[in-house]
Amino acid sequence: MTDQLNGFDHEQVLIRRGGRSGLPIVVAVHSTAAGPAVGGCRLWTYPDWRAGLADALDLSAAMTVKCAVAGLPRGGGKTVLPLPPGLRLDADRRRALFLDVGDAVEDLGGRYFIGEDVGTTAPDLLTIAERTGRVMGLPTESGGVGEPAAPTAAGVLAAIGATCEVVFGTADPTGLRFAVHGLGQVGGRVARRLVERGAVVTAADVDPTRHVPGVATTDPDSLLDLDVDVLVPASLGHLLTREVVARLRCRAVVGPANNQLADPSVGDLLVERGITWAPDVVVNGGGAVYVVLRETAQVGHEEAMKRVDAIGDTVREVLTAAARTGSTPSAAVADLVRRRTA
Ligand SMILES: NC(=O)c1ccc[n+]([C@@H]2O[C@H](COP(=O)([O-])OP(=O)(O)OC[C@H]3O[C@@H](n4cnc5c(N)ncnc54)[C@H](O)[C@@H]3O)[C@@H](O)[C@H]2O)c1
């Protein structure tokens, strides 16, 4: 089917200029085969809106895989709000933009539910909720289950434990050296927890105000040259280019950033270099698992967190299968998805 469509395999993509804000809005619905599409809303600066569209297409497709791996009855979607370089939103225009986003989501008639992602926060979701009920992860005081960043970080920590067990023979990070790329909502939480557990952590963020106690900082490029045990990508996607992988001095890469491989061939290069990469679609599913289970399946906090912790088991299964069959971790995930959706 995909071939007949010249590579286009999304169900629907909504692109419009917001009526109030005048800014571009892209909502990509990749699949609703398993259930309504879910995916966060990214507000970021792009060289032009088409780059934002490309990101929305990639990120929504990854969400479909993420939901399938986690066994969630949901499909993949994503909203990207591509800001032109140099534009700073004042409070009024920001509010106008998120009201426009709410209208766009509502117009999709329940095919897509929106949540937070890079660049958006709980107050933005509340603005969206003024125009549509199709919002996930609202603050608890507004009747939601809260931001997904905490369960996402919990899932990442479970994935780090499983990866360390496979690579270093122990899930205990004490004394291991980590490099965290991006100290935002998820990267900041992961770095803090690793320090608490006795790891040696260095981090970098383009925003110089981001700091975590006990974490040494450097610039984002130099971080990639550090002699460490584990690299934790927690900024934006496509960090792992062929050039970057050739420079890495770590034994494992495991972190929350979406779409870490700049292209699929990078997966082979990581294998060639003996670097174990835990696929992001498995590692960063904790927020989606928690929010979907709590808000749509009425599952309690403890039970939902157990499902988040199970991300560690899936990572172990994927890495072990890849090592056993001599395939890449991406191929092992594709195989897992085939079996789980059969
Ligand atoms: N928040 C979640 O629940 C969740 C769930 C799944 C996946 N993710 C993914 O995890 C990553 C981090 O998400 P987040 O919620 O922490 O976002 P965030 O916006 O809170 O943090 C991202 C951080 O990365 C920094 N950054 C951006 N470009 C950078 C660069 N080139 N070098 C270094 N730092 C850079 C930003 O300044 C920011 O501090 C994203 O790729 C996101 O899509 C997040």
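Atoms within a ligand are numbered from 1 in the order they appear, just like the ligands themselves. Because the structure is a prediction, the values reported are computed rather than measured. The first residue of the sequence shown is numbered 1, and numbering continues consecutively from there.
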Polar contact flag for R210 and ligand 1 (N/O pairs, less than 3.5 Å): yes
Shortest heavy-atom approach to atom 22 (C) of ligand 1 - which of A234, G182, G187: A234
Geometric N/O contact K66 with ligand 1, under 3.5 angstrom: no
Ligand 1 N/O within reach of W44 N/O, cut-off under 3.5 Å: no
S235 neighbourhood, listing ligand 1 atoms whose heavy-atom distance to it stays under 4.0 Å: 11 (C), 12 (C), 24 (O), 26 (N), 29 (C), 34 (N), 35 (C), 40 (C), 41 (O)
Candidate with minimal heavy-atom separation from atom 4 (C) of ligand 1, of T152, D221, L183: T152
From CA spacing to verdict: salt bridge (charged side-chain N to carboxylate O under 4.0 Å, His left out), R338, D335: CA-CA 5 Å; R338 265 193 297 279; D335 193 46; 3.7 Å; yes
Steps toward side-chain hydrogen bond (donor to acceptor under 3.5 Å, both in side chains) verdict (D124, T121): CA-CA 5 Å; D124 301 324; T121 57; 3.2 Å; yes
Atom indices of ligand 1, in the order listed, that fall short of 4.0 Å to a heavy atom of N258: 7 (C), 8 (N), 9 (C), 41 (O), 42 (C), 43 (O)
Identity of the nearest option to atom 27 (C) of ligand 1, non-hydrogen atoms only, from V186, V281, V206, D219: V206
Sub-3.5 Å N/O-N/O distance, N284 and ligand 1: no
Intermediate values then yes/no, side-chain contact (heavy atoms from CB on, under 4.5 Å), L89 and L23: CA-CA 10 Å; L89 289 180; L23 291 167; 3.6 Å; yes
Ligand-residue contact atoms, ligand 1 with G119, heavy atoms, under 4.0 Å: 19 (O)
